[in-house]
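Just the heavy atoms: all of them, side chains too, but no hydrogens, waters or symmetry mates, feed the values below. For clarity, every value in this text was computed on a predicted model and none was experimentally measured.
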Amino acid sequence: MEQLNMMSMRFPKRYLIVLLTFISTNVCYIERMGFSIAYTVAADAIGVDQSSKGLILSTFYYGYVVSQVPGGWAAQRVGGRRVLLMSFVLWSSTCALVPLDPSRVSILVLARLLVGVAQGFIFPSIHTVLAQWVPPHERSRSVSLTTSGMYLGAAGGMLLLPSLVKYKGPQSVFLVEAALGAIWSILWFKCASDPPRSDHPKAMAAGFGESLLPATQLKDKVRVQNGGNPLNATKIPWKRIIFSLPVWAIVVNNFTFHYALYVLMNWLPTYFELSLQLSLQEMGSSKMLPYLNMFIFSNIGGVVADHLITRRILSVTKTRKLLNTVGFIIAAFALMALPYFRTPTGTVLCSSLSLGFLALGRAGFAVNHLDVAPRYAGIVMGVSNTAGTLAGIVGVGLTGRILEAAKAANLDLSSSESWKSVFFVPAYLCIFSSVIFLIFATGERIF
């Protein structure tokens, strides 16, 4: 018994929660990267054009966008732990049951919409869980570690899944993704729980712990403590959230981050094939470097942010603004340089720098949800990620139209001229967003 207590002291339960949320984002991005790779191969085999491919690739985001705010609301009312489990079960089941056949467009569209809706609940739920479990001085590195799972998943998917498609066929990717989702669901069901108050005696003052449990659970606890008299659940301040300039600073930067990320994630394989005449299989392990770089830089950003804050070198506000600005400005220049490099090495270098520093910037805007609204972190994340998802719809679809327009203008899709607009748009957005964050963001708790 004493050994168990010693182990729990050395490895607190909140670390296990953060580790499991890290694995969850890892698995989700393996699924997203896997579909992009598998569908591209299957679509190319039957001659689907670039515009149609862009439509199917962006369908996921239509489902994803409509469930962000409901996901935050559900996590606030029911609990992020439960909502996260239900979303994983739903998208894993869909992957297991739906065939990957580009000629059956209606089935594929419905499946991607359903997966999008299910995964839309994930990040609001995660932010709600982290707000409950993680104390303020650990927020930067906890959120950075959790979100870095996205990039490790994308890197692993980029490295391993092309070979799986080559030897086992596109459908095998769906089955692997479903299995990973099922395994994670079992682990979460067995290991996750709500934070006990006894572990966090200063939770209310610090803004985490039992004070941030779902409203229905708090209501039940307060009813018991007050002799059975019911109390109204805390109302969500929707109007203040929607009209808050610091929240809009987060929203704008989330839009830009995901515009750049989704464009590169979905169209970089096409850029390699059309502009550099290289398939993903021929690129070997170098194709995973941009996403591996994101994993590294995301965690560096989290550690640096917590160091600056806990050592009182900079305030929370200045720390968030510094990392956000450095990350987005360097990413902008790397994106603008990308189409001018005509070698695989140069392209991988620029895409690695751009994605890496964008991930560094997440220690600014992405953690800011928990700074300004720890009690409503899932709600604010839902609003913010709605903008990020709209960026996926706009960016992925617009890129397909840009390339079709270049083709219609008799431009060679292997030339850098055809791809300039693809990479310059997110670069300009990065500069604009960093300015907005510098002006309007704050690290203070406002809700």
Between F357 and I329, does a side-chain contact (heavy atoms from CB on, under 4.5 Å) hold up when you go through it step by step? CA-CA 8 Å; F357 277 95; I329 294 298; over 6 Å; no
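- Looking at Y428 and M336, their side chains come closer than 4.5 Å, going by heavy atoms from C-beta outward.
- Shown here for G382 and P124, the closest heavy-atom pair between the two residues is CA-CG, 3.9 Å.
- Under the 4.5 Å side-chain criterion, counting only non-hydrogen atoms from C-beta, M150 is not in contact with S298.
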Between W184 and F88, is the ring pair (Phe, Tyr, Trp, His ring centres under 6.0 Å) condition met? List the steps. CA-CA 8 Å; W184 183 90; F88 252 78; 4.1 Å; yes
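- Screening L370, V316, L130, N368 for a side-chain contact (heavy atoms from CB on, under 4.5 Å) with R139, the sole residue that qualifies is L370.
- Counting only heavy atoms from C-beta outward, the side chains of L429 and F328 never approach each other to under 4.5 Å.
- Qualifying salt bridge (Lys or Arg N to Asp or Glu O under 4.0 Å) partners for E177, counting only residues two or more places apart in sequence or in other chains: none.
- Between V18 and V134 there is a side-chain heavy-atom pair separated by less than 4.5 Å.
- By the 4.5 Å heavy-atom criterion applied to side chains, V173 and M33 are not counted as neighbours.
- Taking all atoms of both residues into account, the shortest heavy-atom contact from Y39 to I56 is OH-CG1, 3.3 Å.
- Put simply, the side chain of S434 gets close to the backbone of I431: a donor and an acceptor are under 3.5 Å apart.
- Using modelled atom types and a 3.5 Å distance limit, the side chains of Y151 and R362 yield a donor-acceptor pair.
- Residue L160 holds its CG atom at 8.5 Å from CG of L164, rounded to the nearest 0.5 Å.
- Applying the side-chain hydrogen bond (donor to acceptor under 3.5 Å, both in side chains) rule to H369 yields the partners S384; only residues at least two apart in sequence or on another chain are considered.
- Rounded to the nearest 0.5 angstrom, T128 OG1 and R81 CZ are separated by 13.0 Å.
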Please test Y271 against F423 for ring pair (Phe, Tyr, Trp, His ring centres under 6.0 Å), starting from the C-alpha separation and ending with a verdict. CA-CA 11 Å; Y271 179 75; F423 300 117; 5.4 Å; yes
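- Atom CD1 in I23 sits 7.0 Å away from atom CG in L187 (nearest 0.5 Å).
- For the side-chain hydrogen bond (donor to acceptor under 3.5 Å, both in side chains) test, residues two or more places apart in sequence or in another chain that qualify with S148 are N299.
- Atom CD1 of I126 sits about 7.0 Å away from atom SG of C28, to the nearest 0.5 Å.
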Could you go through Y259 and V425, starting from their C-alpha distance and side-chain angles, then the distance that decides it, and tell me whether this counts as side-chain contact (heavy atoms from CB on, under 4.5 Å)? CA-CA 9 Å; Y259 186 103; V425 170; 3.3 Å; yes
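- Of the possible donor and acceptor atoms, none in the side chain of W188 sits under 3.5 Å from a partner among the backbone N and O of I17.
- Heavy atoms from other residues, nucleotides or ligands lying under 6.0 Å from CZ of F432 number 12 at most.
- In this structure, the side chain of S433 does not engage the main chain of C430 through any donor-acceptor pair within 3.5 Å.
- Side-chain contact between P246 and E444 is absent, with no heavy atoms from C-beta onward closer than 4.5 Å.
- There is no side-chain donor-acceptor pair under 3.5 Å between R82 and S125.
- Here L438 contributes atom CG and T317 contributes atom OG1; the two are 12.0 Å apart, rounded to the nearest 0.5 Å.
- Looking at every heavy atom in both residues, S352 comes nearest to N293 through O-ND2, 2.8 Å.
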Test side-chain contact (heavy atoms from CB on, under 4.5 Å) on L308 and L322; report intermediate values, then the result. CA-CA 11 Å; L308 292 174; L322 173 65; 4.3 Å; yes
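- Residues H137 and T310 share a closest heavy-atom pair of CB-CG2, 3.8 Å.
- Y64 contributes atom OH, which lies 15.5 Å from atom OG1 of T59 (distance to the nearest 0.5 angstrom).
- With sequence neighbours left out, R32 forms a salt bridge (Lys or Arg N to Asp or Glu O under 4.0 Å) with no residue at all.
- Applying the side-chain contact (heavy atoms from CB on, under 4.5 Å) criterion to A249, with sequence neighbours excluded, gives I436, F437, F440, A441.
- Looking only at side-chain heavy atoms (C-beta outward), T25 and F123 come within less than 4.5 Å of each other.
- No side-chain heavy atom of F341 sits less than 4.5 Å from a side-chain heavy atom of V348.
- Taking the six-membered ring for Trp and thresholds of 30 and 60 degrees, F22 and F295 have ring planes inclined between 30 and 60 degrees apart.
- Between N254 and F365 the shortest heavy-atom distance is CA-CE1, 3.7 Å.
- Listed by chain and number, the residues in a salt bridge (Lys or Arg N to Asp or Glu O under 4.0 Å) with K420 are E417 (sequence neighbours excluded).
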Could you walk me through whether I313 and H307 satisfy the side-chain contact (heavy atoms from CB on, under 4.5 Å) test, starting with their C-alpha distance in whole Å, then the side-chain angles of each, then the deciding distance to 0.1 Å, before giving a yes or no? CA-CA 8 Å; I313 298 171; H307 176 78; 3.8 Å; yes
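- Here the side chain of Q68 pairs no donor or acceptor atom with the backbone of V383 at under 3.5 angstrom.
- The nearest pair of heavy atoms linking C191 to L16 is CB-CD2, 3.9 Å.
- Side-chain atoms of R14 never come within 3.5 Å of backbone atoms of P135 as a donor-acceptor pair (strictly under, hydrogens ignored).
- Tested against R320 for a side-chain contact (heavy atoms from CB on, under 4.5 Å), the candidates T442, I309, L314, I250 yield a single pass: I309.
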